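Scroll down for the structure; my scribbles are underneath it.
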Number of protein chains: 2
Amino acid sequence: MQTITWNQQVVKRNNKSLVLQTIIEKEPVSRADIAQITGLNKATVSSLVNDILEENLIFESGPGESSGGRRPVLLHFNKTAGYAIGIDIGVNYVLSILTDLKGNILIEKNQPIKNVAFEAVTDVVSEMIRSLILEMPESSYGAVGIGIGVPGIVDKQGTVLFAPNLNWSNISLKQHIEEEFKLPVLIENEANAGAYGEKQLGAGQSFQDIIYVSAGIGIGAGIILNGELYQGKNGYSGELGHVIIQANGKKCSCGSQGCWEVYASENALLEMAPQQDATLESLVALAEENDSEAIALFEKIGASIGIGVNNIINAFNPEQVIIGNRLVVAKQWLEKPILETIQTHTLPFHQKEVQLQFSRLSVHSAALGVSAFVVENFIRDGVTVL
Amino acid sequence: MQTITWNQQVVKRNNKSLVLQTIIEKEPVSRADIAQITGLNKATVSSLVNDILEENLIFESGPGESSGGRRPVLLHFNKTAGYAIGIDIGVNYVLSILTDLKGNILIEKNQPIKNVAFEAVTDVVSEMIRSLILEMPESSYGAVGIGIGVPGIVDKQGTVLFAPNLNWSNISLKQHIEEEFKLPVLIENEANAGAYGEKQLGAGQSFQDIIYVSAGIGIGAGIILNGELYQGKNGYSGELGHVIIQANGKKCSCGSQGCWEVYASENALLEMAPQQDATLESLVALAEENDSEAIALFEKIGASIGIGVNNIINAFNPEQVIIGNRLVVAKQWLEKPILETIQTHTLPFHQKEVQLQFSRLSVHSAALGVSAFVVENFIRDGVTVL
DNA sequence: AAACTTAGTTTGGTCAATATACAAACTTAG
DNA sequence: CTAAGTTTGTATATTGACCAAACTAAGTTT
């Protein structure tokens, strides 16, 4: 049984968080505006704002326009009160970014990797973090945390249980990085991270129920319900790539048969290509030259993606489906077959208002997602403790 | 933006609810126990308990066992302070129950129907409600509400958007019943109701993430995440019966192809049966006589159910999957092929700890689910208003 | 210049939770 | 059969958070 008791401290913490969130979303904004938006009393807002001012998370600027009376003091979110580090570990690269508290990228580093052994990768990651911290501007709070996205199954303790493409299993990544840097560290599945990134900073900002499909070498998915990432029982859900769309179909590397990703991923694309040495990029190049074979290939993949998206819509009835990761470069040829498949398969009631979109943050979805996560944790826990 | 402000009233409401919930779950229980369990101060508990006593929702009984000091006053939930009405509208029957506030069934009425026209069905429903109210014992609050489960898509306003098997569309059921009885009315999809029933009173009581598969004439699903029913954007989610498990497969009545329910529902079973006039009951009778053809048929259906359950587990990573509704009578022959399909298809990490179970409430899942919903709403809203 | 508006602060009040002290009722050791 | 210790539950005063209302500040409108 969950035993959360409610008292005045909880009330204050929540209201303070509400005021801060309002400032972040609506800046510049006056105290009077906040009172109006939140329904809190002017006096309460004033008091809470003063608390937050002392914490350096917001600042005042010169008076704004009068609307017929005294001019308001405008409040702004101090997005450079601290910085977050976001890392995206891919199968053949490590991408790292330093962002301010609003998710703007200040520094970006990208390093190809060949050796995917745990020690080799974490060496690269550590080195990148060190250099980001060195190059970071001065600020009140410094680095507020490190977020890492991983292409694999991660549990709630930050252990990478299984990452087939990296050949990792049971790696205590969070503990390892936390010990080295003594900062809050958070590990998330790459698709979950991408979903959160798009929700906070990209294509999904005005939606509450979003499914983000990470269509890359395999297929993963991040599921956002009621505005929050759904994590399943053990923290690992969203293995939508292994939903069966063809009973007794082609063998999948997971041991099952007929999984979605066998028909709709980058791997599926390359396997179906007639060329021996095809890459996603080479096929896109062909399609751009109007090569009908390449275009037909993309359309076939698109139809298969559509089958899975149909399943997602019927199962979750989300407001929005976002397609992300590498296959986005072929959007031009994929979009139509996906939409057609939905139109001919999905229940009309579910189809009616759902939005299909492609990633807006491109390669940064996952890194921005974990960095946004870090910021959220900092704002929620870190500051109220002060 | 959601603008929930927090104040002392909210605190009190939540703490009061916490205390009442504790009494319901742990009765008989003393004030001191509650303070210990909830973390609230003894005095606070005392005051809140007195409030709830005045509302007649709990009562005191003689002193309990001493544990070395003064003997405690035991508190009990007054489960007969009011009664809830639960209705399950099926394709060829209407089942109605009167329950106390703990979900015990006091009166049950079941009436077969042939005419599924809206007016005919609501006449039956109204008549049943009237007679239940007449037969209801005296109590402080009387009938606290009416819940109705419907085999179709229901929106958050209680309108039945589409119920193919009843041939209903756009029926303002909630409004209609509310006007007649002047009681709170709540409409829910049959599978959602069943899921909630099993969660509160049946097989799912100790789990937080549950998928309830309603395997009947069609297939529906109720999705419980973090202990709460997931309702999707418009209140209609969980159309898992129309997830595609065979791309370009058999035509489905929904207009799509290869939907799960085309392969795994009661309809699928009857269609595959060699006998012209087969029914679920006749096939079960055959299987009980060891008819190998009938048994093979159930096993085939079981394997198809397994494919869909695999998809559910990989997508949601739930703690428990409950199979309910009519096909449960064939549990004996279905269980093994379902489990085998999961073992050979589902990701090992997801498979590891998930429970597969069959409904414990049998035909009452849905009716008990809506009735439990009514009780919950009453306890949460109804009483705090007093 | 007077009247009105709007922004933000100060003051005093209310309410819920809490700490503390205490009474009631029971057990146990000698 | 006491006396000491425990446990349950209540009474009282305090704390702290929000709020309403009065007030100051700084503008606009007529």
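Residue numbering restarts at 1 for every chain, and letters A, B, ... go by the order of the sequence lines. Only a predicted model underlies this, so the values are computations on that prediction, with no experimental measurement involved.
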Checklist entry - Rounding to a whole Å, what distance do you find between B:Lys16:NZ and C:dC15:P? => result 15 Å
Checklist entry - Distance check: side-chain N/O of B:Asn15 vs OP1/OP2 of C:dA16, anything under 4.0 Å? => result no
Next on the checklist: Partner lookup for C:dA29, please. Criteria are Watson-Crick or G-U wobble with both distances under 3.5 angstrom; report none if nothing qualifies.
Outcome noted: D:dT2
Checklist entry - Does the side chain of A:Asn14 pick up a donor-acceptor pair with the side chain of A:Ser17 at under 3.5 Å? => result no
Checklist entry - Any donor and acceptor pair, going by atom type alone, linking the side chain of A:Asn78 with main-chain N or O of A:Asn56 inside 3.5 Å? => result yes
Item to check | Separation of D:dC23 P from A:Lys42 NZ (nearest whole Å) | outcome: 14 Å
Item to check | Any A:Ser30 side-chain N or O less than 4.0 Å from OP1/OP2 of C:dG8 | outcome: yes
Next on the checklist: Check this one for me: any side-chain N or O of A:Ser66 less than 4.0 Å away from OP1 or OP2 of C:dT6?
Outcome noted: no
Checklist outcome for this item: Atom CD of B:Gln36 and atom C1' of D:dT8 are separated, to the nearest Å, by 13 Å
Checklist entry - What is the nucleic acid contact for B:Val73, judged by heavy atoms within less than 4.0 Å: base, sugar-phosphate only, or nothing? => result sugar-phosphate
Checklist entry - Roughly how many Å is it from CG in A:Leu74 to P in D:dA26, rounded to a whole number? => result 16 Å
Checklist outcome for this item: To the nearest angstrom, the CD1-C1' distance between A:Ile34 and C:dT6 comes to 16 Å
Item to check | Length of the CG-P vector between B:Asp33 and D:dT7, whole Å | outcome: 12 Å
Item to check | Position toward the 5' end of DNA chain D (nearest nucleotide), A:Gly68 or A:Gln9 | outcome: A:Gln9
Next on the checklist: Could you tell me the Watson-Crick or G-U partner of C:dG8, where both distances fall under 3.5 Å? Say none if there is no partner.
Outcome noted: D:dC23
Checklist entry - Should we say atom CD of B:Glu228 is surrounded by more than 12 heavy atoms from elsewhere, each under 6.0 Å from it? => result no
Checklist entry - So, does the side chain of B:Gln8 form a donor-acceptor pair with the base of D:dG16 at under 3.5 Å? => result yes
Checklist entry - So B:Phe59 and B:His76, would you call those rings parallel, tilted or perpendicular, with 30° and 60° as cut-offs? => result parallel
Checklist entry - Which is true for B:Ala32 with a 4.0 Å heavy-atom rule: it touches a base, it touches only sugar-phosphate, or it touches nothing? => result sugar-phosphate
Checklist outcome for this item: Whichever of A:Ser47 and B:Pro72 has the more 5' nearest nucleotide on DNA chain D, that residue is B:Pro72
Item to check | Atom of A:Glu319, atom of A:Gln208 and distance for their closest heavy-atom approach | outcome: OE1-N, 2.7 Å
Next on the checklist: Which nucleotide wins on minimum distance to the side chain of B:Thr44, given the candidates C:dA19, D:dA25, C:dA17?
Outcome noted: C:dA17
Next on the checklist: Would you say that more than 12 heavy atoms from the other residues, nucleotides or ligands in this model lie under 6.0 Å from the CD of A:Glu60, or not?
Outcome noted: yes
Item to check | Separation of D:dA22 P from A:Asn41 CG (nearest whole Å) | outcome: 14 Å
Item to check | A:Ser67 side chain, from C-beta outward: closest of D:dC18, C:dT10, C:dT6 | outcome: C:dT6
Checklist entry - Within the structure, does a side-chain N or O atom of B:Arg31 lie under 4.0 Å from either OP1 or OP2 of D:dT8? => result no
Checklist entry - Once you round it to whole Å, what is the distance between P of C:dA16 and CG of B:Leu40? => result 14 Å
Next on the checklist: When both hydrogen-bonding distances must be under 3.5 Å and the geometry is Watson-Crick or G-U wobble, what is D:dT8 paired with, if anything?
Outcome noted: C:dA23
Item to check | Closest-nucleotide ordering on DNA chain C, the 5'-leading residue of B:Arg70 and A:Asn50 | outcome: A:Asn50
